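Quick one: the structure is below, and I'll ask about it shortly.
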Amino acid sequence: VDRSDALAPFLADPRDAAVLVDFDGTLAAIVDDPATARPLPGVVEALRALAARYALVGVVSGRPLAFLEAHLPEEVALSGLYGIEWRRDGDRGEHPAAAGWRPVVADVVARARAELPGEVEVEAKGTSLTLHVRRHPELTGAAHAWADGAAGAVGLHVRPAKRSVELHPPVAVDKGTVVEGLVGPLGTACFIGDDVGDLPAFDALDRLAARGCRTLRVVVQSPEITPQVLARADVVVPGPDGTLALLRELLGGGKQP
Ligand SMILES: [Mg+2]
């Protein structure tokens with residue numbers, strides 16, 4: 001897809017368009033310690049400017065809402081933990097079925113810290129948890145096997161992600177349900193993502209397209225990109241820098257700084 005053709009419907013009628021983006025690997029460079037990931041310089045300003053112009057600008061992430069809120073502007077709709085937590089127009093919410101899983105998740109977190117090798121970083125996220133193997137990819141198989149066993153025993157669901165595995169409550173939300181909910185009746189929507197966790201968001205765009213929405217799937221290239229994700233791209237951008245350049249193009253006036 002030609003990039004300027006792809007962006008034309010957004011620039012023509014931003015008041016009828018949604019711009020939705022993933023966080024890690026998309027707005028922020030992937031770093032060894034996930035706690036230190038930050039939006040690239042310029043991203044916050046670009047999102048703020050887009051939010052003033054577009055019907056909706058949203059960040060849809062597996063991160064906890066509290067992390068997203070600490071690093072992203074007030075004007076942007078936020079969806080955390082793959083849709084379990086959100087903030088929109090200043091209101092915060094959590095999926096009602098998720099809260100009851102906190103004690104179960106806390107138990108699994110304790111077991112993970114006791115049973116897994118110390119090199120696997122266990123991130124407790126309240127109603128979900130993540131096992132990070134970024135610094136020790138050789139432990140990927142062990143982390144996935146442990147996650148499958150632990151999740152199966154208590155009824156959590158497992159989701160693979162980039163150099164990590166997530167354990168979630170069995171609540172029927174993912175980036176796809178989030179994208180459909182956020183876009184609603186708007187006539188144009190894009191999602192920018194880099195990872196297998198973003199596939200449901202791209203699927204949601206396809207469902208929206210079938211209802212007549214003009215959609216754009218943007219994939220952020222990286223050395224770790226999977227062919228499955230790349231295959232979904234209408235447009236490919238080269239890393240989070242490329243995301244920022246595209247966001248600036250969505251502000252109009254071509255490739256300005
Ligand atoms: Mg990502």
Side-chain angles (χ1 to χ4, degrees), residues 18-44 46-47 57-72 76-86 121 123 125 128-135 137 140 143-144 147 158-168 173-179 182 189-205 216-247:
V19 177
L20 303 176
V21 292
D22 167 51
F23 183 76
D24 289 283
T26 297
L27 295 176
I30 299 279
V31 288
D32 279 344
D33 178 0
T36 65
R38 296 291 180 270
L40 289 196
V43 159
V44 165
L47 290 175
V57 176
V59 174
V60 183
S61 172
R63 293 275 191 168
L65 178 64
F67 177 91
L68 300 173
E69 285 192 292
H71 302 296
L72 293 164
V76 172
L78 299 176
S79 167
L81 303 185
Y82 299 88
I84 287 175
E85 304 175 331
W86 60 85
E121 189 194 331
E123 183 186 4
K125 304 200 286 192
S128 76
L129 68 143
T130 305
L131 309 178
H132 294 278
V133 291
R134 170 145 293 278
R135 281 177 281 201
T140 301
H144 279 257
V158 173
R159 288 183 199 176
K162 194 177 263 186
R163 295 281 166 89
S164 63
V165 56
E166 311 252 356
L167 286 80
H168 284 265
V173 292
D174 59 21
K175 289 192 180 189
T177 61
V178 171
V179 165
L182 288 172
C190 69
F191 187 86
I192 312 175
D194 71 312
D195 189 4
V196 290
D198 300 314
L199 291 171
F202 294 137
D203 292 342
L205 288 187
L216 176 63
R217 300 180 304 246
V218 181
V219 169
V220 185
Q221 180 70 270
S222 75
E224 297 168 7
I225 194 87
T226 65
Q228 199 186 3
V229 175
L230 201 52
R232 306 305 308 279
D234 296 314
V235 166
V236 178
V237 297
D241 282 331
T243 304
L244 179 56
L246 187 136
L247 293 178

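Numbering of ligands and ligand atoms starts at 1, following listing order. Every heavy atom of this structure was used, including side-chain atoms; hydrogens, water molecules and symmetry mates were not. These figures come from a predicted structure and were not determined experimentally. For this chain, numbers begin at 1 and follow the sequence in order.
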- Message: With carbon and hydrogen excluded and only N/O/S kept, which atom of D24 is nearest the Mg ion (ligand 1)?
- Response: O

- Message: Could you check whether any side-chain N or O of T243 sits under 3.5 Å from a backbone N or O of T26, counting only pairs where one atom can act as donor and the other as acceptor?
- Response: yes

- Task: Measure from the side-chain N and O atoms of S164 to the backbone N and O of K162, and report whether any donor-acceptor pair falls under 3.5 Å.
- Result: yes

- Taking both backbone and side chain into account, is any N, O or S atom of D195 nearer than 2.8 Å to the Mg ion (ligand 1)? no

- Hey, is the main chain of G197 close enough, under 3.5 Å, to the side chain of K175 for a donor-acceptor pair? no

- Please find the N/O/S atom of D22 nearest to the Mg ion (ligand 1) and write down its name. OD2

- Does the pair R163/E121 count as a salt bridge with the N-to-O cut at 4.0 Å? no

- How about D198: does one of its N, O or S atoms come closer than 2.8 Å to the Mg ion (ligand 1)? no

- Message: What is the name of the N/O/S atom of D194 that is nearest to the Mg ion (ligand 1)?
- Response: OD1

- Message: Would the distance check show the side chain of D234 and the main-chain N or O of R217 forming a donor-acceptor pair, the cut-off being under 3.5 Å?
- Response: yes

